[in-house]
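Shown next, in structure tokens, is the structure this report addresses.
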Amino acid sequence: MLRFGLCCLFKEEAITFRTTTAKVLLIVPRDRQLLKLSEICLHNALNLKLSLETVQRLGIGAFRIMSPLFPRMTHPEIGYSLNILPDGETISSILEACRLFAADQQIRLSFHPDQFVVLSSPHPAVVANSIKELQYQAMLAKMVGADVINIHAGGVYGDKQAALLRFSDIYNCLPESVRSRLTLENDDVSYTPEDLLPFCKEHSIPLVYDVHHHRCNPDNLTVEEATEQAGATWKSLGREQHCHISSPKAGWGSGSPRPHADFIDQGDIPECWLNRVMTVDVEAKAKELAVVKLREDVCVILGLS
DNA sequence: GCATGTCAAGTTGTG
DNA sequence: CACAACTTGACATGC
């Protein structure tokens, strides 16, 4: 059975996540920084719990947790750990409650570090920051029980194979908490499923197949072939496949198809997905409304409503 | 109060 | 060569 996932935020539900900036924190003393960060982390932990309860109520089966749940945690000057925050213990206990709730309700949790995490970069400082960020997300993933930390292969720098070789050197040195969760996703400008599949097989890294990116940045594989072959990278590890879907805001005609629409167009749902067991993250601006609608649409298509 | 510009970080493609 | 697109809002600032 398909399960659909919500990405990070809600449109109509009264759930918010707070953040702050290094610039503002740096003008106050350390104890004031930690106080403010503690309030924000506590707020975000409580709202993560509320998010999980809400997706459960809406029949949504997966949730992507926003990267800055604990804002600026790995910043070189602001960085902190939970145990030095005034409310650190409370925050930890709320994350533990999230883990138990998600496990009990079978809500699959994932992370998607943003574009600054680049393991294929030729710049050592970029890679070092990326590893720090991945360790932070692995810590969160462990606390809440998330099994996926999904990233892109990064830049090409004129030579994809050389870039992937740099990636694998770094990958082999990552801590187990990161390696056991790390997945690769085809992107919409550089790396296609065909580029990544041999690499994923060789290193036993699951491939998150983004069908919208594949349509924006196609290769010789059909959607059916890419779905099946990406699925094999999960199956060989005994894990449930994870995919992404979105629809182009401007349609498939003139103009860039890359920006995401509010909802998923029924015509964009691959038919071969309908009877698979897998998680599909819905990348749509209308957030939970789009996930609920897609789920209803698929139920109608399958005659289950 | 409300509108607006800013925010740690990378890479690519466009204007 | 500079800047927007990825994705995206929340928040600080200034009127």
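Chain A is the first sequence line, chain B the second, and so forth, proteins listed ahead of strands; every chain is numbered from 1.
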Exercise. Looking at A/Phe199 versus A/Phe167, is the centre-to-centre ring distance below 6.0 Å?
Worked result: yes
Exercise. Can you tell me how far P in C/dT8 sits from the matching atom in B/dA3, rounded to whole Å?
Worked result: 24 Å
Exercise. Mind checking the P distance from B/dT4 to C/dT7? Whole angstroms is fine.
Worked result: 25 Å
Pairs under 3.5 angstrom, nitrogen or oxygen only, protein versus nucleotides 11-15 of chain C, please.
from, atom 1, to, atom 2, distance (Å)
C/dC11, OP1, A/Arg18, NE, 3.2
C/dA12, OP1, A/Lys36, NZ, 2.5

Exercise. What integer number of Å spans the C1' atoms of C/dA4 and B/dT6?
Worked result: 16 Å
Exercise. Does A/His260 have a side-chain nitrogen or oxygen under 4.0 Å from the phosphate oxygens OP1 or OP2 of C/dT7?
Worked result: yes
For this session: Mark yes or no for whether A/Tyr171, through its side chain, and A/Leu182, through its backbone, hold a donor-acceptor pair below 3.5 Å.
Result: no
For this session: Give a yes or no answer on whether the side chain of A/His242 reaches the backbone of A/Thr279 with a donor-acceptor pair at less than 3.5 Å.
Result: no
For this session: Answer yes when A/Arg57 and A/Glu288 have at least one side-chain N-carboxylate O distance shorter than 4.0 Å, and no when they do not.
Result: no
Exercise. Using the P atom in both, what is the distance from B/dA8 to C/dC6, to the nearest Å?
Worked result: 22 Å
For this session: Kindly assign one of parallel, tilted or perpendicular to the pair A/His213 and A/His152, based on the angle between their ring planes and the thresholds 30° and 60°.
Result: tilted
Exercise. Which range-with-range stems can be found for DNA chain B when each stem has 3 or more Watson-Crick or G-U pairs in a row and both distances sit under 3.5 Å?
Worked result: B:1-7 with C:9-15, B:10-15 with C:1-6
Identify the pairs formed between an N or O of the protein and an N or O of nucleotides 12-15 of chain B at a distance under 3.5 Å, and give each distance.
from, atom 1, to, atom 2, distance (Å)
B/dT12, OP1, A/Val156, N, 2.5
B/dT12, OP1, A/Tyr157, N, 3.1

Problem set entry | C/dA10 base / A/Thr16 side chain donor-acceptor hit below 3.5 Å | no
Exercise. Contact class for A/Lys11 vs. all strands (heavy atom < 4.0 Å): base, sugar-phosphate, or nothing?
Worked result: nothing
